[in-house]
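Each ligand, and each atom within it, is numbered from 1 in the order the structure gives.
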Amino acid sequence: MEGENLNHPTWRICRAETSNIDAMLNLWSYIPEIQSSIADSFESVQGFMELNQASFLVALLDVKLIGTVMGGYNGWRGTIYHLAVHPDYRGQGIGRALLEQCIAVLHQRGAPRVDLYTYASNETAQAFYRKLGWRERKEVKNFSWEYSQNLKLPGDKG
Ligand SMILES: CC(C)(COP(=O)(O)OP(=O)(O)OC[C@H]1O[C@@H](n2cnc3c(N)ncnc32)[C@H](O)[C@@H]1OP(=O)(O)O)[C@@H](O)C(=O)NCCC(=O)NCCS
């Protein structure tokens, strides 16, 4: 194809597939800002993929996985998780491309708004999102319910 140099393939964005999951779990394990999550198992990532086929994207260089973004839509709002680019490939527009394609698909799926969360200490990501025009919501605090931490469910006895 004209203009394409097959000896130096460039990266491309495509839908994530089950065959990418091991590589993405491996990539996340080396990125400190993607801190280990109880949801990061093969099965849970596959479950997210089944529900969000169009908005769970990866960046590939030839067959090498170099970036991810998980876009979820629950029929009401969109949420983005695990935007990550392999450290060797940052600063080339891959993070922007993943994020912009993901929010475009979430909008097509019906999301009127998309939210995402960063660790308060992740100033790099915050600077990146501000640069890309995301609105920082200082009025919001995040709460989580961790089933694994022996918290009682409503109605539990003892
Ligand atoms: C955040 C991250 C995804 C950015 O990916 P990237 O591929 O390096 O970003 P891009 O090259 O697409 O940068 C897009 C734009 O943001 C800017 N940018 C990137 N990092 C930035 C930073 N730390 N501060 C300010 N601007 C930044 C770039 O200059 C670029 O601007 P331009 O398009 O005007 O040239 C990447 O640094 C990463 O994987 N970080 C670790 C994981 C992480 O923290 N993810 C977020 C979890 S919430």
Side-chain angles (χ1 to χ4, degrees), residues 3-5 8-49 51-74 76-109 111-146 148:
E4 189 178 20
N5 183 342
H8 298 281
T10 54
W11 51 268
R12 65 190 194 281
I13 308 287
C14 40
R15 288 186 183 189
E17 297 179 359
T18 304
S19 59
N20 301 134
I21 296 178
D22 284 333
M24 60 178 84
L25 291 170
N26 186 51
L27 175 67
W28 297 338
S29 74
Y30 287 102
I31 297 183
E33 296 89 345
I34 303 288
Q35 294 181 19
S36 169
S37 157
I38 53 170
D40 288 350
S41 68
F42 188 99
E43 292 72 23
S44 58
V45 173
Q46 189 175 38
F48 186 94
M49 194 179 288
L51 292 170
N52 297 285
Q53 288 177 347
S55 47
F56 188 167
L57 306 175
V58 290
L60 298 176
L61 182 67
D62 197 0
V63 294
K64 182 180 178 178
L65 183 134
I66 57 170
T68 62
V69 64
M70 301 172 78
Y73 178 53
N74 59 14
W76 184 50
R77 299 262 164 85
T79 311
I80 282 182
Y81 309 92
H82 284 20
L83 172 70
V85 174
H86 187 296
D88 291 350
Y89 299 95
R90 290 183 190 160
Q92 301 179 27
I94 300 172
R96 176 195 280 275
L98 282 165
L99 192 60
E100 291 185 348
Q101 195 158 324
C102 186
I103 59 174
V105 175
L106 288 170
H107 192 54
Q108 282 165 10
R109 293 183 66 193
R113 190 179 96 196
V114 179
D115 297 316
L116 58 78
Y117 306 87
T118 80
Y119 285 98
S121 59
N122 191 351
E123 290 176 8
T124 302
Q126 289 159 37
F128 168 83
Y129 292 125
R130 277 187 211 107
K131 170 117 199 238
L132 268 60
W134 287 65
R135 179 169 67 94
E136 185 172 357
R137 299 189 60 195
K138 294 194 172 140
E139 77 280 17
V140 173
K141 283 220 176 266
N142 180 236
F143 290 80
S144 298
W145 184 280
E146 300 282 358
S148 59

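- In this structure, atom 36 (C) of ligand 1 has protein heavy atoms in its sub-4.0 angstrom surroundings.
- When only non-hydrogen protein atoms are considered, atom 44 (O) of ligand 1 lies nearest to N122 ND2, 2.8 Å.
- Contact of the N52 side chain with the M70 side chain is not registered, since no non-hydrogen atoms from C-beta on lie closer than 4.5 Å.
- Remark: ligand 1 atoms within the under-4.0 Å shell around heavy atoms of E33 are 41 (C), 42 (C), 43 (C), 44 (O).
- Distances below 4.0 Å separate heavy atoms of Y117 from the following atoms of ligand 1: 48 (S).
- When A59, G93, A84, A97 are checked for heavy-atom proximity to atom 10 (P) of ligand 1, G93 turns out nearest.
- When each of L60, V58, I66 is tested with W11 by the rule side-chain contact (heavy atoms from CB on, under 4.5 Å), just one qualifies, namely I66.
- The distance from atom CG of D62 to atom CZ of R12, rounded to the nearest 0.5 Å, is 7.0 Å.
- Here R137 contributes atom CZ and L116 contributes atom CG; the two are 11.0 Å apart, rounded to the nearest 0.5 Å.
- Residue R90 touches ligand 1 through backbone and side chain together, judged by heavy-atom distances below 4.0 Å.
- The closest protein non-hydrogen atom to atom 23 (N) of ligand 1 is T124 CG2, 3.2 Å.
- Few gaps surround NE2 on H86; more than 12 heavy atoms of other groups in view lie less than 6.0 Å from it.
- Nearest heavy atoms, F128 versus R96: CZ-N, 3.9 Å.
- Here the shortest heavy-atom distance to atom 8 (O) of ligand 1, taken over A125, G91, A127, G95, belongs to G91.
- Contact check for W134 versus T118: no side-chain heavy atoms found under the 4.5 Å cut-off.
- Here F56 contributes atom CZ and L51 contributes atom CG; the two are 11.5 Å apart, rounded to the nearest 0.5 Å.
- Heavy-atom separations between L132 and ligand 1 include at least one value shorter than 4.0 Å.
- Of the protein's non-hydrogen atoms, K131 NZ, 3.1 Å is the one closest to atom 31 (O) of ligand 1.
- Near Q92, meaning under 4.0 Å from any of its heavy atoms, are these atoms of ligand 1: 11 (O).
- Contacts between W28 and ligand 1 below 4.0 angstrom, taking non-hydrogen atoms only, are absent altogether.
- Heavy atoms of Y119 stay at 4.0 angstrom or farther from ligand 1.
- In terms of protein heavy-atom proximity, atom 39 (O) of ligand 1 is nearest to V85 N, 2.8 Å.
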Checking side-chain contact (heavy atoms from CB on, under 4.5 Å) for the pair L27/L65: CA distance, chi angles, key distance, verdict? CA-CA 8 Å; L27 175 67; L65 183 134; 3.7 Å; yes

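- The number of heavy-atom neighbours closer than 6.0 Å to CD of E136, taken from other residues, nucleotides and ligands shown, is above 12.
- Atom 9 (O) of ligand 1 has F128 CE1, 3.5 Å as its closest protein atom, hydrogens excluded (heavy atom only).
- Looking at atom 33 (O) of ligand 1, its nearest protein heavy atom turns out to be R96 NH2, 2.9 Å.
- In this structure, Y81 does not count as a contact residue of ligand 1, since none of its heavy atoms falls inside 4.0 Å of the ligand.
- Distances from atom 43 (C) of ligand 1 to the heavy atoms of L98, L83, I80 put L83 nearest.
- For ligand 1, the atoms lying closer than 4.0 Å to a non-hydrogen atom of I31 are 41 (C), 42 (C).
- Checking each of D22, N26, N20 against M24 for a side-chain contact (heavy atoms from CB on, under 4.5 Å) leaves exactly one that passes, namely N20.
- The CD1 atom of I80 sits 5.5 Å away from atom CG of L106, with the distance rounded to the nearest 0.5 Å.
- Every atom of ligand 1 with a heavy atom of T118 under 4.0 Å away is listed here by number and element: 48 (S).
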